[in-house]
Amino acid sequence: MRGILLSFVVMLLSSITVANASEVYQFESHQEEQRFQDLTSELRCPKCQNQNIADSNSPISKDMRAEVYRMMEAGASDAEIVDALVARFGEFVRYKPQVEQRTILLWATPAIAVLGGLLVVAGVVIRSRRRGTEAPALTAEEKARADKILAELDRNRNA
Amino acid sequence: MRRFLLFLPLLIALVLGVVLFAGIGKDPTKLESALIGKPVPEFALQDLHDANRQVDQSLFRGKVQLLNVWGTWCPACRDEHDDLIWLAREKGVSIVGLNYKDSRDDALTWLNRLGDPYSASIYDPKGTLGFDLGVYGAPETFVIDASGVVRYRHVGVVDKTVWNDVLLPVINEARGNG
């Protein structure tokens, strides 16, 4: 079991080195390197189904990583870098799409779902409270019927 | 009110069904181009046939043209090549070729052997213009209007069906307005 686990870990690690084997980027500081990591992991590869450009081996991801590095070296801000790539490849490359008319439903859905849930809970609570106060009251007709049934039961028991 | 609540799950299922059904048959690898409505990016690259000649975005002035991105390394480009020749020769469509991430020798051999459908050929060995165009694979074909503005992008092979159903209507519209 441990052997299988170990070989799985080795497999995972080796795939990471392959992805970055052909390019070595030099960074002035650890922060810059972290920034590169963050930027490339929040951009989606346009060719792949769902992979960020940090992990993808596709040629287009390689080009995009190179562009991110080039722009970082040129002193561009994070927003400028992301915008430059969105201008070429579209909103798709953003894992976090901006709030606009086309994406408003995407952003609003969680809030709508929570609100809907709260409404249901509120409805259930209100209804159960109302039932709690109203249930004991029997109408005169019901009372008469209940008395009759109870009397009948008594009679049967005594017989 | 309670009656209505009974039908709520059905209503939700119906709405979900409609939304999901709309997604069926859509190819998730085909993305809308971010460049539609924008001019072809500026570039300065070598002519594929003549290394001493520079070409730039002025190639796309004056008439509605196709911009076809291809490479000898791309099998689907071989599939569409004969249809591109048909388009150029039979339909008189002006096609600008963008030789993408390829070697000049391979590209010229290919064109000599299979025929050259392109009215002009841009040599883009590093894929810089391709990158600016948002190309993420080949083949891709853009419709560029007479003022050099991108009108449409088709990802994948161009064949007679794609020409008739997709590209021709866009070109006709571009000709009308451009």
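In the text below, chain A, chain B and the rest are named by the order of the sequence lines, each starting its count at 1. Bear in mind that the values here come from a model prediction, so they are computed numbers and not experimental data.
When the shell of 6.0 Å around CD of A/Glu28 is examined, it contains 12 or fewer heavy atoms from other residues, nucleotides or ligands. In this structure, B/Lys38 places its NZ atom where more than 12 heavy-atom neighbours from other residues, nucleotides or ligands lie under 6.0 Å away. The environment of CZ in A/Arg145 is sparse: at most 12 heavy-atom neighbours from other residues, nucleotides or ligands sit within 6.0 Å.
Transitive grouping of hydrophobic side chains (ILVMFWY, heavy atoms separated by less than 4.5 Å) brings B/Leu84 and B/Trp86 into a common cluster. Follow the hydrophobic side-chain contacts under 4.5 Å out from B/Trp163 and you never reach B/Val157; the two are in separate clusters. In terms of hydrophobic clustering, with Ile, Leu, Val, Met, Phe, Trp and Tyr side chains grouped at heavy-atom distances under 4.5 Å, A/Ile81 and A/Tyr95 are assigned to different clusters.
Interface summary for chain A: among B/Gly130, B/Gly137, B/Gly134, B/Gly127, the most heavy-atom pairs under 4.5 angstrom belong to B/Gly134.
Between atom OG of residue A/Ser61 and atom OH of residue B/Tyr136 there is a gap of 12.5 Å, rounded to the nearest 0.5 Å.
Checked against the 6.0 Å centroid threshold, B/Phe131 and A/Phe89 count as a close aromatic pair.
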Trace of the side-chain contact (heavy atoms from CB on, under 4.5 Å) decision for B/Lys101 with A/Asp63:
CA-CA 11 Å; B/Lys101 292 192 177 179; A/Asp63 289 356; 2.6 Å; yes
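Residues B/Asp132 and A/Arg88 are in side-chain contact: their nearest non-hydrogen atoms beyond the backbone lie under 4.5 Å apart.
Contacts between A/Val86 and chain B at a heavy-atom distance below 4.5 Å involve the backbone alone (N, CA, C, O).
Across A/Ile60 and B/Val135, no two heavy atoms sit closer than the pair CD1-O, 3.2 Å.
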